[in-house]
Amino acid sequence: MASFPIEAVRGKFPALSLTDKGRRRIYLDNPAGTQVPQAVADAVSRCLLTTNANLGGFFETTIAAQQVADDAHAAMADFLGAASAEEIIIGANMTTLTYHMSRTLGRTMKTGDEIIVTRMDHEGNVSPWLQLAEDLGLVVRFLPFDEQSWQIEEAALQALVSQKTRLVALNYASNLTGSINRVKALTAVARQAGALVYVDAVQFAPHGLIDVQALGCDFLVCSAYKFFGPHLGILWGRRDMIDALKPYKCRCSSNGLPERFELGTPQIELMAGLTAAVDYFADLGAAAGEGGSRRQRIAKAFELSIAHENGLVRQLIEGLSEIEGLSIRGITDPARVGHRVPTVSFTVEGIAPETIVRQMNADNIFLWSGHNYAWEIVHQLGIPAEQGVVRIGIAHYNTAAEIEEALESVHRVVAMLRQERS
């Protein structure tokens, strides 16, 4: 397999060369949002300057704007492996789309029906369902994750589903532990019970190839700004399912797909950036020698980036594991690195996560502390929600040298804070 072209990749991201008073930046805040290639910014700017019009007219800019929107849906169909661009719904963000779809699906449910949410999900795939249950009198069942495997186990789901289960909300990968769930197997359990499956793939999408048809789920949602694109959310829905649903919408707006799920005027300029983000992956695959379809080129890009990211996350975990009193909250076995994305969260005995992060931010190493909306995870693990964890999130534009600097910073900061406390 070809080596990952890290220098060529980094050259496409202007933010990676920015400095603050001559000091380099290290971006390890990627689970909250990645930097973007120049091509994405150019596409947004070009759209605003040359095709800036609403949709539905007969003049040049509105026709061009429609093409931008069509291209974005087609690009995401390729990115997710959808059967049709009509299955792609683009909106403000994952949480907004999930609230919208939860209310739409609520029209098919009745008092006493059951829904399952996990204790591993981002709150954006929990609260919409909890509040729907409160509105309709549904029964909520919580599915915990296994604290040995750090994954949702099929047997645990099997024990929870019943003939009354109408929907199971799952996540593909955790934004705190980094664990990847076996979504295809979990979906099979849910579907066998007759339940719909709604998958949050926000944290997985930057790090692995998604194939919605192979997964067998009914809905899958992700966020472009987590995979080098603009601030948009994307929801895929199985065609026969979304075709049968009646969404909340204006009376006079289109009943076509996917338009009837896309409320109001779309962010057309951001759709231009979305296509550019997908094409960034395709171009990366093409540069590695893949000459097939856009989907095949995207798959090649992930093949390369996964190998690169796995090396970095092994380096990070090994270095963190040397610190006494530091607990990594997630998979640490090097042999299981393929079961996680390169997001690593930890706590240090006796030291507040925010204190560590503030010091590292002062070193111009960008990362987060807190619960990061993984509300159920911190509660299951007994971590104080007001403190949370230190979270280091790798993207494929990061380097081994950056990870080494981050590790040196963690070691130094922890030693300093312990000395101050003693």
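Throughout, residue positions are numbered sequentially from 1 according to the sequence presented. Reckoned from all heavy atoms, side chains included, excluding hydrogens, waters and symmetry mates.
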- Residues which pass side chain to side chain donor-acceptor pair (under 3.5 Å) with E153, listed by chain and number, not counting sequence neighbours: S149, R182
- Only pairs at least two apart or in different chains count here, so list each salt bridge (Lys or Arg N to Asp or Glu O under 4.0 Å) that has a residue in residues 364-383. R119-E376
- Could you note down all residue pairs passing ring-ring contact (aromatic ring centres under 6.0 Å, His included) where residues 176-218 supplies at least one of them, sequence neighbours left out? W129-Y198, Y172-F204, Y198-F219
- Message: Salt bridge check, E324 against R418: does any charged N sit closer than 4.0 Å to a carboxylate O?
- Response: no
- Would you mind reporting whether P258 and I242 have side-chain heavy atoms less than 4.5 Å apart? no
Pair up each side-chain donor or acceptor in residues 35-47 with any protein partner under 3.5 Å, not counting sequence neighbours, and list the distances.
unit_1 : atom_1 : unit_2 : atom_2 : d
Q38    : NE2    : D42    : OD1    : 2.8

- Mind checking side chain to side chain donor-acceptor pair (under 3.5 Å) for R297 and listing every partner two or more places apart, or none if nothing turns up? none
- Hits for side chain to side chain donor-acceptor pair (under 3.5 Å) against H73, two or more places apart or cross-chain, chain-then-number order -> E262
- Do H396 and F228 have side chains that get closer than 4.5 Å, going by heavy atoms? yes
- Do S127 and E123 get their side chains close enough for a donor-acceptor pair, meaning under 3.5 Å? yes
- Answer yes or no: is there a side-chain heavy-atom contact under 4.5 Å between F145 and L381? yes
- Below 4.5 Å, heavy atoms only, C-beta onward: do N125 and V117 meet side chain to side chain? no
- Report yes if some heavy atom in the side chain of N52 is under 4.5 Å from a heavy atom in the side chain of T61; otherwise report no. no
- Would you please name every residue forming a ring pair (Phe, Tyr, Trp, His ring centres under 6.0 Å) with F366, sequence neighbours left out? Y27
- ring pair (Phe, Tyr, Trp, His ring centres under 6.0 Å) against Y99, all qualifying residues, sequence neighbours excluded: none
- Query: Could you give all pairs that pass the salt bridge (Lys or Arg N to Asp or Glu O under 4.0 Å) test and reach residues 329-354, with sequence neighbours left out?
  - Reply: E354-R358
- Item | For W375, all residues meeting ring pair (Phe, Tyr, Trp, His ring centres under 6.0 Å), sequence neighbours excluded | H371, H379
- Query: Between T275 and D71, do the side chains contain an N or O donor and an N or O acceptor separated by less than 3.5 Å?
  - Reply: no
- Query: Residues two or more places apart in sequence or in another chain: which of them pass side chain to side chain donor-acceptor pair (under 3.5 Å) with S162?
  - Reply: E114
- Query: With sequence neighbours left out, what residues match H231 under ring pair (Phe, Tyr, Trp, His ring centres under 6.0 Å)?
  - Reply: Y225
